[in-house]
Amino acid sequence: MDFKNKVYSIIERVPKGKVTTYGQVARLAGNSKAARAVGALMKNNPDTKRIPCHRVVSSKGKLTGFSAKGGIEKKKEMLLDEGVNFVGDIVDLSRSQIIK
DNA sequence: CAATTGACGTAGT
DNA sequence: CACTACGCCAATT
């Protein structure tokens with residue numbers, strides 16, 4: 001299984017109302033230092049319908065990237081709509097992150 | 001094929 | 001808390 005496929009598989013499993021971090025995904029995929037690559041993979045996102053890339057945030061809970069229309073703003077809206085707990089523009093990881 | 005770029009993370013100042 | 005410096009990986013040029 002390629003690294004990228006692992007990453008996609010992991011993100012597919014992220015439940016609604018919960019989020020994960022690039023670093024966490026990288027770690028689960030096998031490379032704890034590939035957080036940056038995870039972001040690159042999101043940009044390549046082969047299937048936005050299947051892969052909820054908006055549920056992936058930085059280790060601090062900060063929303064970064066998101067090339068789709070609306071950018072960060074839109075991403076935040078979507079997460080709020082799913083029930084993710086926010087603190088300003090930052091996600092409250094202690095409550096919404098899958099792996100605590 | 002080498003160099004650049006960037007949706008990252010950690011540690012130090 | 002902000003800013004910098006370094007390391008890492010994959011995609012793009």
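Residue numbers begin at 1 in each chain, while the letters A, B, ... track the order of the sequences.
No side-chain donor-acceptor contact under 3.5 Å links A:K60 to the backbone of A:V91. In this structure a side-chain-to-backbone donor-acceptor pair under 3.5 Å is present from A:R55 to A:V14. Side-chain atoms of A:K4 do not come within 3.5 Å of backbone N or O of A:A37 as any donor-acceptor pair. At least one donor-acceptor pair under 3.5 Å links the side chain of A:D92 to the backbone N or O of A:S94.
Whole-Å rounding puts the A:Y22 OH to B:dG9 C1' distance at 13 Å. Atom CD of A:Q24 and atom P of B:dC8 are 16 Å apart (whole Å). Distance, A:K76 NZ to B:dA7 P: 20 Å, rounded to whole Å. Computed from coordinates, the A:N5 CG to C:dA11 P distance equals 10 Å when rounded to whole Å. Between the P atom of B:dT10 and the NZ atom of A:K62 lies a distance of 17 Å, rounded to the nearest Å. When the C1' atom of C:dT13 is taken as reference, atom NZ of A:K43 falls 11 Å away, rounded to whole Å. Taking atom CG of residue A:L41 and atom C1' of nucleotide C:dC8, one finds them 13 Å apart after rounding to whole Å. Regarding A:K60, its NZ atom lies at a distance of 7 Å from the C1' atom of B:dG9, rounded to whole Å.
Taking every side-chain heavy atom of A:S58 into account, B:dG9 is the closest of B:dA7, C:dA10, B:dG9. Comparing B:dC8, C:dA10, B:dA7 by their closest approach to the side chain of A:K75 singles out B:dA7. Checking B:dA7, C:dT12, B:dT10 against the side-chain heavy atoms of A:N44 singles out C:dT12 as nearest.
Under the 4.5 Å side-chain heavy-atom criterion for grouping Ile, Leu, Val, Met, Phe, Trp and Tyr, A:I72 is connected to A:L93 within one hydrophobic cluster.
Residue A:S59 places at least one side-chain N or O closer than 4.0 Å to OP1 or OP2 of B:dG9. Using a 4.0 Å cut-off, some side-chain N or O of A:T64 falls inside it from OP1 or OP2 of B:dC8.
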Can you name the atoms? Protein N/O to nucleotides 4-7 of chain C N/O, anything below 3.5 Å, with the distance.
from: C:dG7; atom 1: O6; to: A:R36; atom 2: NH1; distance (Å): 2.8

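Atom CD of A:E12 has more than 12 heavy atoms from other residues, nucleotides or ligands within 6.0 Å.
For the pair A:A26 and A:A35, the tightest heavy-atom approach, listed with the atom from each and the gap, is CB-N, 3.5 Å.
The residue A:K4 sits close only to the backbone: its heavy atoms come under 4.0 Å of sugar-phosphate atoms, none of a base.
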